[in-house]
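Values below: all heavy atoms of this structure, side chains included; hydrogens, waters and symmetry mates excluded.
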Amino acid sequence: MNPASAPRSPAHQLLMHLFDSALAAVDPLAVLAPHLPAAPKGRTIVIGAGKAAARMAQAVERHWQGEINGLVVTRYGHGAPTRHIEVIEAGHPVPDEASSMAAQRMLALVRGLNEDDLVLCLMSGGGSALLSLPAPGISLDQKRELTRRLLASGAPIGEINCVRRHLSAIKGGRLALACHPARVLTLVVSDVPGDDPAVVASGPTIPDGSCAADALALLAKYGIAAPPAVRAVLADAALAAPAIDDARLAGNRAVVIASAQHALDAAAAAARAAGYTPLILSGCMEGEAREVAIVHAGIVRQVAGYGQPVAAPCVILSGGETTVTLRGQGRGGRNAEFLLALAIALKGMPGVHAIACDTDGIDGTEDNAGALLDPDSLARAALAGIDAAARLRDNDGYGFFAALDDLVLTGPTRTNVNDFRAILVEAADRLPGR
């Protein structure tokens, strides 16, 4: 769906309004300033990584009292103009040479600081790929290949980041060690279920307590063979990440400034103002996108048939990060896959409309944030000769909704609290013909 064109129906307008309200609530320009500390006696260095990093850097520059300089890295196309904090762009979801260069430059920038200095670290989802420096002994190509295979395996982001963390020279608290003895304050826009700051971007400034054996076990779990060089790194105690209780990190803090819950709360308020009862299921949902869709369809039926757990008209809201195990060759994205599976499960159920989008504006590796679903989506597809079930088997949610002109195209939003889903269930007496 072209954002320059008007939504086709009042339901589309409402769903887009809910999504816009969610995005506004997690915009770094709106939420970062209250979390800034007082200026230190010494220098203030700003570093950061993730899809929200450029916007976070803009917010710091707008509100900081005193001199600053620094460097942040974000995804290609997600940059923003700054004056004192350099913004560079790199590869995502698979790291590239720019990712490695950014990590090396960041480590060099924070070395040699003292206890009077402050490092302000701006972390958001996507930082695991964008700030990628392989541990000594393994190549960027080896780490890239493991990342590709993990992404295709359907592994949840926490498990993927565990492996990344233990094959890194900068993550798992290693960047914070390079800052020592300077104090480190990490401000986090969380894209992970549960909002653990150590998981976001694989925690460059925050150790998480996992170990190399955990990473090996996860590779085995998903049937991914670890090359000898990778096994050697994971067996080398000298390369291990710092412990949670490492004394050098004792004065550091991390604060989550925006999360899926903030986005869902804002959407719920907007729904209530529009006359719909909001039902927030969870901001922490994980699992295969098509299976999560089946669960949502069951809740929709319970609402429509029995008025439980809330009565229609209502809006069912959820967030988190679903996964897609790649089986086909289509153009996908987990939000498009969720909606396609939801369409099949609901079978054109009257009065049900839905939106599913990634809050960073990019659903997987495509150019859309997500898509919109209507009660007649399956019927319109059938008229166009499109087999919805076949498209789902081919992981082609993008192709399905593109053919219906129901993609949501926002471009980069410069924030990232992961998936946003809203399902609008109309009351029976509001349906056409009633």
Close side-chain approach of His78 to Ile362, heavy-atom, < 4.5 Å: yes
Rounded at 0.5 Å granularity, tell me how far CG in Asp360 sits from NZ in Lys51. 3.5 Å
Side chains of Phe420 and Leu317 in contact at under 4.5 Å (non-hydrogen atoms): yes
Within a strict 4.5 Å, meaning less than it, do heavy atoms of the Val189 and Ile257 side chains meet? yes
State, with a plain yes or no, whether a side-chain heavy atom of Thr322 is found less than 4.5 Å away from one of Asp419. yes
Tell me the closest heavy-atom pair linking Gly79 and Val87, and the distance in Å. CA-CG1, 4.1 Å
Take atom CE in Met349; do more than 12 heavy atoms of anything else shown fall under 6.0 Å from it? yes
Could you tell me whether the side chain of Thr323 and the main chain of Pro156 form a donor-acceptor pair under 3.5 Å? no
Whether the side chain of Gln58 engages the backbone of Pro81 through a donor-acceptor N/O pair (distance < 3.5 Å, no angle test) should be reported. yes
Check the pair Leu122, Ile47 against side chain to side chain contact (heavy atoms under 4.5 Å, CB included), reporting the backbone distance first and the verdict last. CA-CA 6 Å; Leu122 312 176; Ile47 57 175; over 6 Å; no
With the side chain counted from C-beta on, respond yes when Leu131 and Ser99 share a heavy-atom pair under 4.5 Å apart, and no when they do not. no
Given Tyr398, which of Asp367, Asn368, Asp363 fulfils the side chain to side chain donor-acceptor pair (under 3.5 Å) condition? Asp367
So does Arg165 pair up with Asp208, basic N to acidic O under 4.0 Å? yes
Any salt bridge linking Arg105 with Glu86? Criterion: basic side-chain nitrogen under 4.0 Å from a carboxylate oxygen. yes
N/O donor-acceptor pair under 3.5 Å between Asp214 side chain and Cys211 backbone: yes
When you compare the side chain of Leu150 with that of Thr147, does any pair of heavy atoms fall below 4.5 Å? no
Using a strict cut-off of less than 4.0 Å between a Lys/Arg side-chain nitrogen and an Asp/Glu carboxylate oxygen, indicate whether Asp394 and Arg327 qualify as a salt bridge. no
First locate atom SG of Cys314, then atom OH of Tyr276, and finally report the distance between them rounded to the nearest 0.5 Å. 10.0 Å
Closest approach of Ala52 and Thr415, non-hydrogen atoms and distance? CB-CA, 3.7 Å
Residue pair Val119 / Leu185, side-chain heavy-atom distance below 4.5 Å: no
Are Ser100 and Gln104 side-chain neighbours, meaning at least one heavy-atom pair lies under 4.5 Å? yes
Audit row: Leu424, Val352, side chain to side chain contact (heavy atoms under 4.5 Å, CB included) steps and yes/no: CA-CA 6 Å; Leu424 175 66; Val352 180; over 6 Å; no
Is a side-chain donor or acceptor of His35 paired with a backbone partner of Leu32 at a separation under 3.5 angstrom? no
Could you tell me whether a side-chain N or O of Asn252 sits under 3.5 Å from a main-chain N or O of Val184, the two making a donor and an acceptor? yes
Are the side chain of Thr186 and the backbone of Ala254 linked by a donor-acceptor contact shorter than 3.5 Å? no
Hey, are Arg334 and Glu288 close enough for a salt bridge, meaning a charged N less than 4.0 Å from a carboxylate O? no
Nearest 0.5 Å, what's the CG-SG distance between Leu219 and Cys162? 9.0 Å
Nearest heavy-atom neighbours spanning Leu249 and Ala243: CD1-O, 4.5 Å
Mark yes when over 12 heavy atoms from residues, nucleotides or ligands other than Gln308 sit less than 6.0 Å from its CD; otherwise mark no. yes
Keeping His180 on the side-chain end and Ala176 on the backbone end, is there a donor-acceptor pair under 3.5 Å? no
Interatomic distance, Leu130 atom CG to Met123 atom CE [nearest 0.5 angstrom]: 10.0 Å
So, His84 and Asn69: side-chain donor and acceptor under 3.5 Å apart, yes or no? no
Could you grab the distance from atom CZ of Arg174 to atom SG of Cys179, nearest 0.5 Å is fine? 14.5 Å
How far apart are the C-alpha atoms of Met16 and Ile355, what are their side-chain angles, what is the distance that settles it, and do they pass the side chain to side chain contact (heavy atoms under 4.5 Å, CB included) test? CA-CA 8 Å; Met16 289 302 300; Ile355 187 172; 3.8 Å; yes
Salt bridge flag under 4.0 Å for residues Arg144 and Asp96: no
Would you check if the side chain of Asn395 reaches a backbone N or O of Leu326 as a donor-acceptor pair within less than 3.5 Å? no
Grab the two heavy atoms, one from Cys121 and one from Thr205, that are nearest each other, plus how far apart they are. SG-CG2, 3.7 Å
Hydrogens and angles aside, do His12 and Asp374 bring a side-chain donor and acceptor to less than 3.5 Å of each other? yes
Separation of Leu187 CG from Ser124 OG (nearest 0.5 Å): 11.0 Å
Under 3.5 Å side-chain donor-acceptor pair for Ser128 and Asn161: yes
Given Leu281, which of Ile423, Val295, Ile316, Val292 fulfils the side-chain contact (heavy atoms from CB on, under 4.5 Å) condition? Ile316
Any donor-acceptor pair under 3.5 Å linking the side chain of Ser21 with the backbone of His17? yes
When you measure from the centre of the six-membered ring of Phe338, is the NZ or CZ of Arg421 closer than 6.0 Å and no more than 45° off the axis? yes
Are Ile85 and Val72 close enough, and set up right, to give a side chain to side chain contact (heavy atoms under 4.5 Å, CB included), and what steps lead you there? CA-CA 7 Å; Ile85 304 166; Val72 301; 4.0 Å; yes
Is any NZ, NE, NH1 or NH2 atom of the basic residue among Asp396 and Arg331 found under 4.0 Å from an Asp or Glu carboxylate oxygen of the other? no
Whether the side chain of Thr44 engages the backbone of Leu118 through a donor-acceptor N/O pair (distance < 3.5 Å, no angle test) should be reported. no
Can you list the steps and then say if Glu89 with Arg75 is a salt bridge (charged side-chain N to carboxylate O under 4.0 Å, His left out)? CA-CA 5 Å; Glu89 299 181 357; Arg75 180 177 177 162; over 6 Å; no
Please identify which of these residues, Asp195, Asp196, Asn416, Asn418, meets the side chain to side chain donor-acceptor pair (under 3.5 Å) condition with Ser190. Asp195
